[in-house]
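Below you'll find the structure, written out as structure tokens, and then a few comments.
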Amino acid sequence: MGNCHTVGPNEALVVSGGCCGSDGKTYVVGGWSWAWWLITDIQRITLEIMTLQPKCEDVETAEGVAITVTGVAQVKVMVDNELLGYACEQFLGKSVIEIKSVILQTLEGHLRSILGTLTVEQIYQDRDRFAALVREVAAPDVGRMGIEILSFTIKDVYDKVEYLSSLGKSQTAAVQRDADIGVAEAERDAGIREAECKKEMMDVKFQADTKMADSKRGLEMQKAAFNQEVNTKKAEAQLAYELQAAKEQQKIRLEEIEIEVVQRKKQITIEEKEIDRTEKELIATVKRPAEAEAYKMQQLAEGQKMKKVLTAQAEAEKIRRIGEAEAGSIEAIGKAEAEKMRLKAEAYQHYGEAAKTALVLEALPKIAAKVAAPLARTNEIVILSGDGGRVTGEVNRLLAELPVSVNALTGVDLMKIPLLQKMINPQA
């Protein structure tokens, strides 16, 4: 039997031993491992960053000045298997305090040795180079212990004999001295050049004013250019924002249109199904009965049509028979009339002129009756003429035209009858 052991990324699990007498070690970082009872040994080592504060008190420098240096170092155990094995050989089973103590003593030893090779000025004025030198010298030693120096900085440098203070004072005094000399030389030069300066003062003033004006103008122009650029960028940003907003609105509208299209398609599908249902319902409730009724009406109409056709055929046959009978009758009458006219014509050929005249005279009253029939409804005839003799002439003219009309109607020339010749032309 055994147990399952897990570790986070800030610890390393060291598994020793195993089946068949194996004495190898397995390192697990941020994972788990199985441990057999009484066979497997499980130990842990921290991988967290450890902060150290090395301090070397009263260490003599290359010039024999005793100073005290404090620093801050960040170190951690490396996770590479080989280097992690070195760290486990050195620190496995020890607490974090014990590990920090060993590394701190190593760093302080290297710090002391490096302090003895440098002057106070080198240490004080270039702390970064001093710290880098410490990291460079101490890194191989702590690396062989599986430790990595992440950072090392010098926190403070001071001494008990006020060497650094004196160094600062001497530098301050030298600076003050140089300043006093400079002031004296300046006053001397000022006295020498005072006359020349007065002479050039106005020109210099004018040049200075001109330069100030030019500088001011350049400043204003630069400000204007900056303002123009800022306003341009603001306008571009605003336009870009509005364009992006318009694009987003367009996307939203496109999505809404797609949603509407989908909804419309679904609505159309529902409507099509409703139409199909309604159509089937109408077929079942209206079309089928209507087709049956139409078939019935069609059969009745065909029966009525057949009846009317037969009736019409019988009526047509009847009319045809009647027409044939009437045609036969008319034909017989026509033949009889034709025979009568033929016989009359033959008789006329045997008549003499006196007989023809007699026939015409017999026909004249009938002709006169037909001509006078319209005049029967006339109350009176008024002949307008300015001359009384012309009335008689008109009557004579009518009588003269009468034979011509009779000849045109009957073929009989009345002018050959002596009696009529005397009536029309009394002087003959």
Side-chain angles (χ1 to χ4, degrees), residues 1-57 59 69-118 122-123 126-155:
M1 299 298 290
N3 292 328
C4 180
H5 296 267
T6 60
V7 290
N10 62 337
E11 279 187 316
L13 193 67
V14 182
V15 182
S16 303
C19 298
C20 303
S22 175
D23 59 352
K25 290 184 174 60
T26 304
Y27 306 103
V28 179
V29 178
W32 64 275
S33 178
W34 184 265
W36 299 96
W37 291 355
L38 305 177
I39 297 175
T40 306
D41 182 26
I42 299 295
Q43 290 180 296
R44 299 171 186 265
I45 186 170
T46 181
L47 299 179
E48 293 182 349
I49 295 175
M50 294 175 284
T51 302
L52 306 176
Q53 294 182 351
K55 182 178 181 181
C56 295
E57 295 181 348
V59 179
V69 178
T70 61
V72 177
Q74 305 288 342
V75 298
K76 70 180 294 291
V77 176
M78 290 184 282
V79 295
D80 184 75
N81 282 341
E82 183 179 357
L83 299 175
L84 184 58
Y86 294 159
C88 291
E89 291 177 0
Q90 302 294 328
F91 305 114
L92 192 62
K94 294 182 179 181
S95 65
V96 176
I97 296 174
E98 292 174 337
I99 297 173
K100 291 171 68 175
S101 177
V102 173
I103 300 171
L104 182 60
Q105 291 176 8
T106 304
L107 288 177
E108 287 179 348
H110 286 290
L111 184 58
R112 287 177 180 274
S113 64
I114 293 172
L115 285 173
T117 62
L118 300 175
Q122 291 174 339
I123 297 170
D126 196 353
R127 296 188 181 188
D128 293 337
R129 182 175 176 279
F130 174 51
L133 185 60
V134 174
R135 286 197 301 271
E136 182 180 352
V137 174
D141 288 343
V142 296
R144 284 190 289 273
M145 294 186 290
I147 302 299
E148 178 184 8
I149 300 175
L150 300 177
S151 67
F152 180 84
T153 58
I154 301 300
K155 184 177 180 182

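- In this structure, SG on Cys56 lies 4.5 Å from CZ on Arg112, to the nearest 0.5 angstrom.
- For Glu98, there are no salt bridge (Lys or Arg N to Asp or Glu O under 4.0 Å) partners at least two apart in sequence or on another chain.
- Taking the side-chain contact (heavy atoms from CB on, under 4.5 Å) definition, one finds that Glu82 meets it with Asp80, Tyr86, sequence neighbours left out.
- Two residues are said to be in side-chain contact when any heavy atoms from C-beta on lie closer than 4.5 Å; Leu52 and Val75 meet this criterion.
- Side chains of Val59 and Val69 form no contact here, defined as non-hydrogen atoms less than 4.5 Å apart.
- Put simply, OG on Ser101 and NZ on Lys94 are 9.0 Å apart, with the number rounded to the nearest 0.5 Å.
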Would you mind writing out the side-chain donor-acceptor pairs for residues 133-149 within the sub-3.5 Å range, not counting sequence neighbours?
unit_1	atom_1	unit_2	atom_2	d
Arg135	NH1	Phe152	O	2.6
Asp141	OD1	Arg144	NH2	2.2
Asp141	OD2	His110	NE2	2.5

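- Partners of Lys55 according to the side chain to side chain donor-acceptor pair (under 3.5 Å) rule, which considers only residues two or more places apart in sequence or in another chain, are Glu57.
- For Thr70, there are no side chain to side chain donor-acceptor pair (under 3.5 Å) partners at least two apart in sequence or on another chain.
- Two residues are said to be in side-chain contact when any heavy atoms from C-beta on lie closer than 4.5 Å; Val96 and Phe91 fail this criterion.
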Worked check of side chain to side chain contact (heavy atoms under 4.5 Å, CB included) between Gln90 and Val102: CA-CA 10 Å; Gln90 302 294 328; Val102 173; over 6 Å; no

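- Partners of Thr51 under the side-chain contact (heavy atoms from CB on, under 4.5 Å) rule, at least two apart in sequence or in another chain, are Val72, Gln74.
- Closest approach of Lys76 and Glu48 over heavy atoms only: CB-O, 3.9 Å.
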